[in-house]
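Following: one structure in structure tokens, then a few remarks.
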Amino acid sequence: MSVIELTQDTFQAATQADQPLIIDFWAPWCGPCRQFGPTFEAAAEKHPDVTFAKINTEEQQELAAALRIRSIPTLMVFRENVLLFQQAGALSASQLEELLTQVKAVDMTAVHAEIAAQEKASSTTH
């Protein structure tokens, strides 16, 4: 699967999909971002069951600011509108593979139940 470009207009819909979404925040002037690009694209080819996306922080400054992106490259992984992972810095190919394996193994039913329990607990304490 190819890598898609996300914008402020397409970001929300992409995070709500059932399929895992991994986002690479980058900029054209960023050396480490350019070095990580081929690793990210190779992983996209190997994992058609994951949506791979890039957000150009120069073109999408409001979105990057809203998501508190402080350094690039930064990776974020979402599943079913839940942020499961966020880390600044490029990963090696093997680290990216390990991350994808872990993300696919997450029991989202349990995650949603935990979120609901936390929301219920916080609403009863206010």
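Quick caveat, the model's predicted, so the values are computed rather than measured. Note that the numbering runs from 1 along the sequence shown for the chain.
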Under the side chain to side chain contact (heavy atoms under 4.5 Å, CB included) rule, what do Trp29 and Ile72 come out as? Steps first, then yes or no, please.
CA-CA 10 Å; Trp29 52 262; Ile72 51 175; 3.9 Å; yes

Looking only at heavy atoms, which two atoms of [X] and [Y] are closest? And how far apart?
X: Ala27; Y: Glu58; result: CB-CG, 3.9 Å
X: Ser71; Y: Ala88; result: OG-CB, 3.2 Å
X: Pro32; Y: Pro73; result: CB-CD, 3.9 Å
X: Leu6; Y: Gln60; result: O-CG, 4.0 Å

Any donor-acceptor pair under 3.5 Å from [X] side chain to [Y] backbone:
X: Gln95; Y: Ser92; answer: yes
X: Arg79; Y: Leu84; answer: no
X: Arg34; Y: Pro28; answer: yes
X: Glu80; Y: Met108; answer: no

Flag yes if Trp26 and Phe36 sit in one hydrophobic cluster, no otherwise; membership is Ile, Leu, Val, Met, Phe, Trp, Tyr, and two members link when side-chain heavy atoms are under 4.5 Å apart.
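Not linked; separate clusters.
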
Go through the steps to decide whether Val111 and Val106 satisfy the test side chain to side chain contact (heavy atoms under 4.5 Å, CB included), and finish with yes or no.
CA-CA 8 Å; Val111 170; Val106 171; 3.6 Å; yes

Any heavy-atom pair between the side chains of [Y] and [X] that's under 4.5 Å?
X: Glu5; Y: Thr10; value: no
X: Ile69; Y: Met76; value: yes
X: Leu83; Y: Val77; value: no

Side chains of Glu98 and Thr101 only: does a donor on one sit below 3.5 Å from an acceptor on the other?
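Their side chains do not contain a donor-acceptor pair, so the 3.5 Å distance test is not met.
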
Report yes or no: do Gln19 and Thr51 form a side-chain donor-acceptor pair below 3.5 Å?
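Present: a donor and an acceptor within the cut-off.
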
Rounded to the nearest 0.5 Å, how far does [atom2] of [Y] lie from [atom1] of [X]?
X: Ile23; Y: Phe25; atom1: CD1; atom2: CZ; answer: 5.0 Å
X: Leu100; Y: His47; atom1: CG; atom2: NE2; answer: 4.5 Å
X: Leu63; Y: Ile55; atom1: CG; atom2: CD1; answer: 4.5 Å
X: Asn56; Y: Gln61; atom1: CG; atom2: CD; answer: 9.0 Å
X: Arg70; Y: Thr57; atom1: CZ; atom2: OG1; answer: 12.5 Å
X: Thr74; Y: Leu67; atom1: OG1; atom2: CG; answer: 10.0 Å

Start with the C-alpha gap between Leu96 and Ile22, add the side-chain angles, then the distance that decides, and say whether side chain to side chain contact (heavy atoms under 4.5 Å, CB included) holds.
CA-CA 10 Å; Leu96 185 54; Ile22 183 167; 3.6 Å; yes

Report the C-alpha separation of Phe40 and Val3 in whole Å, then their side-chain angles, then the decisive distance to 0.1 Å, and conclude whether the side chain to side chain contact (heavy atoms under 4.5 Å, CB included) test is met.
CA-CA 8 Å; Phe40 192 74; Val3 177; 3.9 Å; yes

Going by the ring-ring contact (aromatic ring centres under 6.0 Å, His included) test, which pairs reach into residues 104-124, not counting sequence neighbours?
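Output for this query is empty, none listed.
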
Output all residues satisfying salt bridge (charged side-chain N to carboxylate O under 4.0 Å, His left out) with Glu97, sequence neighbours left out; order by chain, then residue number.
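Once residues adjacent in sequence are excluded, the partners of Glu97 under the salt bridge (charged side-chain N to carboxylate O under 4.0 Å, His left out) criterion are Lys46.
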
